[in-house]
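In what follows, a structure is listed as structure tokens, so that the remarks can point back to it.
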Amino acid sequence: MPEEKEKERQKGIGISRRNFLKGMGTGAVAATVAPTVLVGAPKSAEAQTSEEISRAKIKLDINNKMYEVEVEPRTTLLSVLRDGFDTSGNRVDLTGSKLICDRGECGGCTILIDGKSVYSCMTLAIDAQETKITTVEGIADGDQLHPVQEAFVQHDALMCGFCTPGFIVSAKSLLDENSSPSLEEIKEGLSGNICRCGTYPFIFEAVKTASIKMGG
Ligand code: FES
Ligand code: FES
């Protein structure tokens, strides 16, 4: 029978899918977070079900503010930013990063982790512990817009604006690494972001203007 054959096959490789998932969940979580269910838990790791290890409290440094949130190991950072609550029940409410493709193709969810641009839809929240996370909300200095933001306004570099936060974060990251990029370098630096409205020429001009403002 196919079922028996599958059991034999699993015996052969010494681990069942169920145990693999259990082991992976336990190991990954134990290595990266301090799950509340593990603290003082009398059961052995073997005895824990996937439900028991499915949520953990973690701390995230977002825009220089610490947030304690409870997440599942699979929870993305984008999900925490947009839809998460801290452990006091307050919404994180950082909705500047956009959920568009949810698969690392459009750049609408771009944020900075330790200064490097990443797709927050492709980043697990637990992997962002002990890093400095910067979202588009954290780029301005109080009421003073970042030069990239000012240049986007100056060049009218948006139509619907849905892609704009991701472009601004990517542009900041680019200019932090290369203060005087050529047009080709700007295009390459922003190649992970897509604008469906086709405002690319204005965006590229804005980044050039920002680079000059920033002394590049
Ligand atoms: S929503 Fe993350 S890359 Fe598109
Ligand atoms: S301005 Fe609409 S998607 Fe870029």
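From a predicted model like this one, the values you see are computed outputs, not experimental measurements. For the numbers below, each heavy atom of this structure counts, side chains included, while hydrogens, waters and symmetry mates do not. Atoms within a ligand are numbered from 1 in the order they appear, just like the ligands themselves.
- Counting atoms of ligand 1 from 1 in the listed order, those under 4.0 Å from a heavy atom of Asp102 are 1 (S), 4 (Fe).
- The nearest N, O or S atom of Cys163 is not closer to atom 2 (Fe) of ligand 2 than 2.8 Å.
- At a cut-off of 2.8 Å, Cys197 is not counted among the residues with an N, O or S atom near atom 4 (Fe) of ligand 2.
- When atom types are taken as modelled, the side chain of Gln144 and the backbone of Asp141 share no donor-acceptor pair closer than 3.5 angstrom.
- Near Cys106, meaning under 4.0 Å from any of its heavy atoms, are these atoms of ligand 1: 1 (S), 3 (S), 4 (Fe).
- Atoms CE and OG, from Met122 and Ser120 in turn, are 11.0 Å apart once rounded to the nearest 0.5 Å.
- Interface atoms of ligand 1 facing Gly104, defined by a heavy-atom separation under 4.0 Å, are 3 (S).
- Counting atoms of ligand 1 from 1 in the listed order, those under 4.0 Å from a heavy atom of Ile100 are 1 (S).
- In summary, the side chains of Glu185 and Asn178 do present a donor paired with an acceptor at a separation below 3.5 Å, with no hydrogens or angles considered.
- Residue contacts with ligand 1 for Thr110 are absent, since no atom lies close enough (heavy atoms, distance under 4.0 Å).
- A salt bridge links Arg55 with Glu70; the closest basic N to acidic carboxylate O contact falls under 4.0 Å.
- In summary, the atoms of ligand 1 found under 4.0 Å from a heavy atom of Glu105, numbered by their order in the structure, are 3 (S).
- Listed by atom number, the atoms of ligand 1 under 4.0 Å from Cys101 heavy atoms are 1 (S), 3 (S), 4 (Fe).
- In this structure the side chain of Thr123 never reaches within 4.5 angstrom of the side chain of Ile111, judged on heavy atoms.
- Within ligand 2, counting atoms from 1 as listed, the ones closer than 4.0 Å to a heavy atom of Gly161 are 1 (S), 2 (Fe).
- Of all atoms in ligand 2, listed by their number and element, those nearer than 4.0 Å to a heavy atom of Cys160 are 1 (S), 2 (Fe), 3 (S).
- Atom 3 (S) of ligand 2 has its closest protein heavy atom at Arg196 N, 3.3 Å.
- The closest donor-acceptor contact from the side chain of Arg91 to the backbone of Arg82 lies under 3.5 Å.
- A donor-acceptor pair is defined here as one N or O able to donate and one able to accept, closer than 3.5 Å; such a pair exists between the side chain of Tyr200 and the backbone of Cys195.
- For atom 4 (Fe) of ligand 2, the set of nearby N, O or S atoms under 2.8 Å includes one belonging to Cys195.
- Here the heavy atom of the protein found nearest to atom 1 (S) of ligand 2 is Met159 N, 3.2 Å.
- In this structure, Ser170 contributes its side chain and Phe167 its backbone to no donor-acceptor pair below 3.5 Å.
- Proximity to Cys121 (heavy-atom distance under 4.0 Å) selects the following atoms of ligand 1: 1 (S), 2 (Fe), 3 (S).
- When only modelled atom types and interatomic distance are considered, Gln154 and Glu205 share no side-chain donor-acceptor pair under 3.5 Å.
- Note on Cys109: not counted as a metal contact of atom 4 (Fe) of ligand 1, no N/O/S atom lying under 2.8 Å.
- Side-chain contact, Glu137 with Thr135: a donor N or O sits under 3.5 Å from an acceptor N or O.
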